[in-house]
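Taking it in order: structure first as structure tokens, then the write-up.
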Number of protein chains: 2
Amino acid sequence: MSESSTTDTKTSILDAAEMLFVEKGFDGTSLRSVVAKADVNIAAVHYHFGSKESLIQAVLARRLEPINRERLERLAALRESNGKGELQLEDVLRALFEPALRLAGGGEPGSNNIVRLIGRIFSEPSHALQLFLKDRFRDVFENYTSAFREILTELPDLDFYWRIHFMLGAMCHTLCDRERPVILSGGVCDVESQHEVLEQLVAFVAGGLRAQSTGGK
Amino acid sequence: MSESSTTDTKTSILDAAEMLFVEKGFDGTSLRSVVAKADVNIAAVHYHFGSKESLIQAVLARRLEPINRERLERLAALRESNGKGELQLEDVLRALFEPALRLAGGGEPGSNNIVRLIGRIFSEPSHALQLFLKDRFRDVFENYTSAFREILTELPDLDFYWRIHFMLGAMCHTLCDRERPVILSGGVCDVESQHEVLEQLVAFVAGGLRAQSTGGK
DNA sequence: AATTCTTTCAAACGTTTGTTTGAATTTGCA
DNA sequence: TGCAAATTCAAACAAACGTTTGAAAGAATT
């Protein structure tokens, strides 16, 4: 088996699909446009991935796996370095946001696009995709939720879970739409500055999470 | 001309399309599935709307117009009732969020779905749709942005615009995904309670907007 | 060199897509 | 009632869709 040629074809398809999914969406992207961009035969998609649905999941898995692995590693590292001390909210937020945001400012050309894709998948209607994501994010969600729970001890459950939800919204929206802040602000915001995006997002979310409870039980 | 029959056909198409767009997305919804649900002839779509793209915009416009009109009215009312006094952040947030959120708890069965659709359109890749939305939201955006600017006087421009962006993210995510909070929280959150959603969202966003600046210029 | 497995390819499969046509039907107005 | 406009309808259009096929080409193993 030609390891390199196989990898090249598969990778070409993944790269092309990734870009087109960002531009046109999953349903809006045809396999024919993918193989045209990748310069491979259309049958190669089904040979290497089996179906369009599986291709979508492969595109996502390739990026989500390292991101979510690093998220877990960084949270574990925070716990270890802190000993028995309390976790700091901003540290946990950075550990959660940065692995995804760094891809946006990363070196490889395509990596900028995938960030938008990751932000968008949560609002995709496909049930199969939602189940797939639930699996991929379970560990990250459980670990970070309990970390936040340790920090926000005084917050009632009701407020806590709502705010986790809002936090995900701010994060997904930021990942998804890389142009709006620049347009809205007339060029003041710089989405290319990974540090700026991260610190602004951390400050906003931390402020939201720490806000006084609305008085729920 | 039979006003009622015409209206009925057009409305049936709009209602059916609205529900299917929520379930399957714009690209994932075929006109044939729309006319099947609406129980009308397929040619009726092009007779009344011209094209699928125009149908999409008509579905959105029907709901967005009253929502955005009420948003502007409520902000104007706030300004008037306050006289020369300062606007209160929470009041402005409620004026912005409630017209959309109220549809979720509204009486008519279909209205629950459209809220999810409104939350999702911002992450739609279609350029034509983005231009359409930019037009529809211009007034609301400009008026509310200047209102927030009056309130958050001490916030640097950089922080201000980023936070407007994050606020939209939390709002869209909340509108878009009506099940996640319930699932995440194991039933603690109640998305059916319009008051609960509104006050939780207002508290989080207000906390985020009021957070200390990260030290930008 | 012969053989087996992997990978690529052009071509076609049947379906479904958005859109159009032209005739039939219904409606509003004189 | 009669005419003209508005609306509905069945049928068909070309194009694009995801998927499959079976043979050709390539790589690895014996």
Side-chain angles (χ1 to χ4, degrees), chain A residues 1-62 117 124-129 132, chain B residues 1-62 117 124-129 132:
Chain A
M1 150 173 92
S2 163
E3 186 69 36
S4 67
S5 121
T6 293
T7 301
D8 283 349
T9 298
K10 285 187 75 169
T11 305
S12 304
I13 294 173
L14 287 173
D15 289 342
E18 189 173 275
M19 296 185 212
L20 289 167
F21 287 159
V22 172
E23 292 172 30
K24 308 280 189 180
F26 296 123
D27 287 324
T29 299
S30 69
L31 292 185
R32 281 176 174 79
S33 67
V34 171
V35 299
K37 197 180 192 84
D39 198 31
V40 301
N41 190 274
I42 179 144
V45 173
H46 295 87
Y47 176 76
H48 287 287
F49 299 98
S51 69
K52 183 181 182 180
E53 183 69 32
S54 300
L55 172 63
I56 293 174
Q57 299 188 357
V59 167
L60 295 175
R62 179 173 67 151
L117 196 54
E124 277 289 326
S126 157
H127 292 153
L129 198 55
F132 169 80
Chain B
M1 152 173 96
S2 164
E3 185 69 37
S4 67
S5 125
T6 294
T7 301
D8 283 349
T9 298
K10 286 187 74 170
T11 306
S12 304
I13 294 174
L14 288 173
D15 289 341
E18 190 173 273
M19 296 184 212
L20 289 167
F21 288 159
V22 173
E23 292 172 29
K24 308 280 188 181
F26 297 123
D27 288 323
T29 300
S30 70
L31 292 184
R32 279 175 174 79
S33 67
V34 171
V35 300
K37 197 181 192 86
D39 198 31
V40 301
N41 189 275
I42 175 117
V45 173
H46 295 88
Y47 176 77
H48 287 288
F49 299 97
S51 67
K52 183 181 182 180
E53 183 69 32
S54 300
L55 172 62
I56 293 174
Q57 299 187 358
V59 166
L60 294 174
R62 179 173 66 151
L117 196 54
E124 276 289 326
S126 158
H127 292 154
L129 197 55
F132 169 80

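Order of the sequence lines fixes the chain letters, A, B, ..., with proteins taken first and strands second; residue numbering starts at 1 for each chain.
Atoms NZ (A:Lys10) and P (C:dT8) sit 11 Å apart, rounded to a whole Å. When the C1' atom of C:dG22 is taken as reference, atom OH of B:Tyr47 falls 15 Å away, rounded to whole Å. Nucleotide D:dA16 holds its P atom 17 Å from the CG atom of B:Leu31, rounded to whole Å. Computed from coordinates, the B:Asn41 CG to C:dG22 P distance equals 16 Å when rounded to whole Å. Between A:Ile42 atom CD1 and D:dT19 atom P there is a gap of 9 Å when expressed in whole angstrom units. A:Leu55 places its CG atom 14 Å from the P atom of D:dC17, with the value rounded to the nearest Å. In this structure, A:Arg32 places its CZ atom 7 Å from C1' of D:dG18, rounding to the nearest Å. Whole-Å rounding puts the B:Asp39 CG to D:dA10 P distance at 10 Å.
Taking side-chain N and O atoms only, B:His48 has no distance below 4.0 Å to OP1 or OP2 of D:dA6. Here A:Thr9 reaches the OP1 or OP2 of C:dT8: one of its side-chain N or O atoms lies under 4.0 Å away. Taking 4.0 angstrom as the limit, A:Ser30 places none of its side-chain polar atoms (N or O) nearer than this to OP1 or OP2 of D:dA16.
From A:His48, atom NE2 reaches atom CD1 of A:Ile13 across 5.5 Å, with rounding to the nearest 0.5 Å. One finds the CG atom of A:Leu60 at 9.0 Å from the CD atom of A:Glu124 (value rounded to the nearest 0.5 Å). One finds the OG atom of A:Ser33 at 8.5 Å from the NZ atom of A:Lys24 (value rounded to the nearest 0.5 Å). One distance of note links CZ of B:Phe26 with CG of B:Leu117; it measures 4.5 Å at 0.5 Å rounding. We find the CD-NZ distance between A:Glu18 and A:Lys37 to be 11.5 Å, quoted to the nearest 0.5 Å.
When each of A:Asp27 and A:Ala43 is assigned the nucleotide of DNA chain D with its nearest heavy atom, A:Asp27 is the one assigned upstream, toward the 5' end.
When the nucleotides D:dG18, C:dC9, C:dT19 are ranked by their closest atom to the side chain of A:Lys52, D:dG18 comes out on top. Among the nucleotides C:dT20, C:dG18, D:dT20, the one closest to any side-chain atom of A:His46 is D:dT20.
Backbone-only engagement by B:Thr29 is indicated by non-hydrogen atom pairs under 4.0 Å involving sugar-phosphate atoms exclusively. Counting any heavy atom pair closer than 4.0 Å across all strands shown, A:Ala44 reaches no nucleic acid atom.
At a threshold of 4.5 Å between non-hydrogen side-chain atoms, the residues A:Asp15 and A:Arg62 count as touching.
Helical stems in DNA chain C, defined as runs of 3 or more consecutive Watson-Crick or G-U wobble pairs with donor-acceptor distances under 3.5 Å: C:4-27 with D:4-27.
With salt bridges taken as basic N to acidic carboxylate O contacts below 4.0 Å, none links B:Asp27 and B:Lys52.
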